[in-house]
Engineer: 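Here it is, the structure in full.
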Amino acid sequence: VTHFLAHPDLASDRAVAALESCGLVGEEPRPVTRTVLDTFDGRLHAAGLRLELEEGAARELVLRGPPGSPPARLAWEGDAPQRAGDLPAGPFGARVVAAMVERALLPVVEVAAVGRRFVHRDRRGNATVVVVLNGEVTTAAGGPLPDAVAEVHAAPGHERRRDEVVAALAALGTEPGDGDLVDAVVAATGGSLEGHRSSPTVPLERSDDALGAFRAVLANLLTAIEDNLPGTLDDLDPEFLHELRVAVRRTRSVLAEGKGVLPGAVRREYRAGFAELGAATGRTRDLDVYVLGWSDIVASLGLEDASVTEPVVAELERRRVAAHAEMADVLRGEAADRLLARWRAWLEDPGDELRAADAGPIGPHVAFRVARAQAGLLRDGRAITPSSPAEHLHDLRKDAKKLRYLFECFGSLFPAKGRKTFVSQLKALQDNLGEHQDAEVQVAELRLLAQDLHRRRGVGAETLLAVGRLVDHLERVRIREREDFAERFAAYDTAPNHELLERLLEKVGTS
Amino acid sequence: VKVVATYSIKGGVGKTSTAVNLAYEAARAGVRVLVWDLDPQGAATYLLRVRPKVKGGSRKLVGPKGELAAHIRGSALSPVHVVPADFSLRHLDLHLEGTTVPTERLGELLEPLADHYDLAVLDCPPSISLASESVFGAADVLVVPVVPATLASRTLAQLTEFLADRPDAPRVLPLLSMVDRRRVLHRELVEGLGQDWPDLLRTVVPSAAVVERMGAERAPVAVTAPRSRAAVAYREAWQELAEVLWPTS
């Protein structure tokens, strides 16, 4: 249990006297640095955990949470852990890895202070209440920092004494809060430990001017691209690239839906620009998906013998690194830089003439585009038969994405409940189409990889046989998804679903 | 939460020393540990410098309305929390008897703490009783300290025979304790036990003054004599146990 109290007086002799009057004995002050580690999107925080690298009397990783459980401490040498493999086996590492879910750990907040511990001990010499008076508080983020922060920790069973100490410190005129030094600093600087939140939905009213609404949606997507670009370039974790690619695809899709609202020249220029950007990232993402799913596939086939699959893993990783380097050249290049800068400039100021033009309200425009996208999806889906080529399913996947992006990017125009129901139906169809296409891409990649491995010396027959089993497995996944398609599409193409969409569009179309 | 009980039918074999030293090593490895002292003598409570007081006695602790969280205390080893024992635990069987399924009661009490601790170490009294059965119901692993004596193998056999019919029986890991390698008999018995009990932990805890002094120091040997053979042995025993609880391969 921890409380913090912030007040300049906590650095004074009055605070020391208050603590001593409660029977606490002071120790020598010590500098301490605490670095909070979390994923870019705050997954540990969302899971109720806080991981810190604490450097003071000792260098330790400290894992706190949930409330009421003791902090887990681990002596730590070397750099801060970044990836799942950097963490130790056992429950400490397992709890962090379960919350990270494939993302990298990054330093979120670093707080330095000089802390002086005051300890109350019982007759047996056990610490019952510990107060740390922190002065000289600094943080890299800067901002208005508290002059002094007291942290009050109590061992279980000693809550009454803790309350006495808190009351004694509160009498100095302090501002109490729940949490510790890090929480106090984050609160004082107006920061957050929640991590980066990215949603394609921006708040819109149905009567809003369509051009303004499109600019708001596209600016939000551009921010998502910019936010995920550094992590993508540094290859911190695959999620950065995934998020960046999704934002690029949404941008292209929204540009297409802006017909009649956005100038044709602008739509053409930026659709082409973002198509190039997206294309430059595709190969790396495909290989990321491989590497991410590799261990599951291998385990499901009973191919745990590392010596057999190691050459395949090494080759996949080599290709992934090469693809990433190629992609990074494009993303760091002048063309990409210019594209993003010019796009940002246009979104901020499209020019007076355009601003003055009346593109009408956004509600009816979106309703029209959704109806159109749905009509295309139904037409293409109904035309697919068991003998249709795979390309038809790929095209249908694009139709479904187009519709999904409209619901996501202009989501605030729809009634929440109905939108959620409709999107969940659409998602079920998309999952089927996605699994089918992923399996097909992976089979093609593995076939090429097997040929390459075969040409090289030192790759044993066992390895090639293992690749064969993987191809066979993925082929079966592809066939299963293909067979499931008709049922999934039929579940989407139902009268109640159409009626639901009609009701939604009626509402959205009324500006 | 994984549950490890230090258990033996015999007394004076090093159960409490094992419980406290393993708990300390676990905490150093980043494991959140709760030590539950089930022995009315309260030796673990004493070693961890906790007041030997169970509020409301063993009835309140394990009875139908019992809730373990209310009894948890901090200890001298700050990351290790403790449910202390007092003399009221001599009635533990009686109060377990009053619950719906006595043999599952200790496990039930630990369940709500699953998010708060990674490991519960139960320090058990030396007997086979209803409380022991409830320990067997709760524990994933019984660490059974075995002293090198001629009847050691027979005592272990009695325990495993008793557990043989239980479908959810914990895994029994004997741990050689108080071994004096200078004595021929000890060396022979260690060798013999290794052949008879494949699950015997490889680590051998030596007979050592530092372990005996734990009662005076009230601290694990890794704190008072970190380089001693006994401290190294407990660290290695923990590593073996951790591999059983959270296998890496």
Side-chain angles (χ1 to χ4, degrees), chain A residues 1 47-49 51-54 57-58 60-76 81 84-85 87-99 117 119-130 153-162 299 304-306, chain B residues 1-2 23-35 42 45-55 67-84 112-120 217-219 222-223 238-239 241-249:
Chain A
V1 180
L49 300 174
L51 180 65
E52 288 179 23
L53 181 61
E54 200 174 294
E60 288 179 316
L61 275 184
V62 185
L63 184 58
R64 302 176 202 278
S69 84
R73 291 178 175 276
L74 195 63
W76 192 254
L87 289 155
F92 190 110
R95 289 167 65 211
V96 178
V97 171
R117 271 166 50 102
V119 184
H120 179 272
R121 295 184 187 279
D122 63 14
R123 280 187 301 154
R124 294 160 199 84
N126 273 356
T128 59
V129 175
V130 176
H153 307 264
H158 298 280
E159 289 76 14
R160 198 184 301 168
R161 187 167 298 278
R162 176 205 64 203
E304 282 92 350
D305 183 354
Chain B
V1 61
K2 299 280 184 186
Y24 179 70
E25 292 300 334
R28 287 213 304 178
V31 176
R32 297 168 300 164
V33 187
L34 178 69
V35 173
T45 303
Y46 176 81
L47 290 181
L48 292 165
R49 303 187 187 213
V50 180
R51 187 180 172 209
K53 173 74 183 162
V54 180
K55 216 173 173 184
E67 193 192 331
L68 213 51
H71 297 273
I72 293 173
R73 298 288 177 265
S75 79
L77 312 173
S78 62
V80 177
H81 287 174
V82 181
V83 178
L113 300 173
D115 284 346
H116 291 75
Y117 298 95
D118 305 305
L119 176 68
E217 304 274 3
R218 298 177 77 173
V223 171
W238 162 250
Q239 284 160 0
L241 181 58
E243 185 58 35
V244 172
L245 297 172
W246 298 283
T248 50
S249 54

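A note on names: the letters A, B, ... follow the listed sequences, proteins ahead of strands, and every chain is numbered from 1.
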Engineer: At a heavy-atom distance under 4.5 Å, which candidate from Ala155(A), Gly157(A), Ala89(A) has the highest pair count against chain B?
Structural biologist: Gly157(A)

Engineer: Once you round to the nearest 0.5 Å, how far does OG of Ser69(A) lie from CG of Leu34(B)?
Structural biologist: 11.5 Å

Engineer: Closest heavy-atom contact between Pro70(A) and Tyr117(B)?
Structural biologist: CD-CE2, 3.5 Å

Engineer: Is there a donor-acceptor pair closer than 3.5 Å between any side-chain N or O of Arg49(B) and the backbone N or O of Asn126(A)?
Structural biologist: no

Engineer: Quick one: what part of Arg73(B) sits under 4.5 Å from any heavy atom of chain A, side chain, backbone, both or neither?
Structural biologist: both

Engineer: Quick check: closest heavy atoms across Ala72(A) and Gly30(B), and the distance to 0.1 Å?
Structural biologist: CB-O, 3.3 Å

Engineer: Under 4.5 Å heavy-atom distance to chain B, tell me which part of Pro88(A) shows up: side chain, backbone, both or neither.
Structural biologist: neither

Engineer: Drop me the distance from Arg32(B)'s CZ to Leu63(A)'s CG, to the nearest 0.5 angstrom.
Structural biologist: 7.0 Å

Engineer: What residues, two or more places apart in sequence or in another chain, satisfy ring pair (Phe, Tyr, Trp, His ring centres under 6.0 Å) together with Phe92(A)?
Structural biologist: none

Engineer: Checking the side chain of His116(B) only, and the main-chain atoms of Pro67(A) only, is there a donor and an acceptor separated by less than 3.5 Å?
Structural biologist: yes

Engineer: Output the option from Lys55(B), Arg51(B), Lys2(B), Arg218(B) having the highest count of non-hydrogen pairs under 4.5 Å with chain A.
Structural biologist: Arg51(B)

Engineer: Where on Ala242(B) is there a heavy atom nearer than 4.5 Å to chain A: the side chain, the backbone, both, or neither?
Structural biologist: neither

Engineer: Using every non-hydrogen atom in the two residues, find where Pro79(B) and Pro71(A) come nearest and quote the distance to one decimal.
Structural biologist: CB-O, 4.2 Å

Engineer: Between Leu113(B), Leu245(B), Val31(B), Val50(B), who has the most heavy-atom pairs with chain A when the cutoff is under 4.5 Å?
Structural biologist: Val50(B)

Engineer: Quick one: does Asp118(B)'s side chain get under 4.5 Å of Arg95(A)'s, heavy atoms only?
Structural biologist: yes

Engineer: At a heavy-atom separation under 4.5 Å, does Ala27(B) approach chain A through its side chain, its backbone, both, or neither?
Structural biologist: backbone

Engineer: Output all residues satisfying side chain to side chain donor-acceptor pair (under 3.5 Å) with Glu243(B), sequence neighbours left out; order by chain, then residue number.
Structural biologist: Thr248(B)

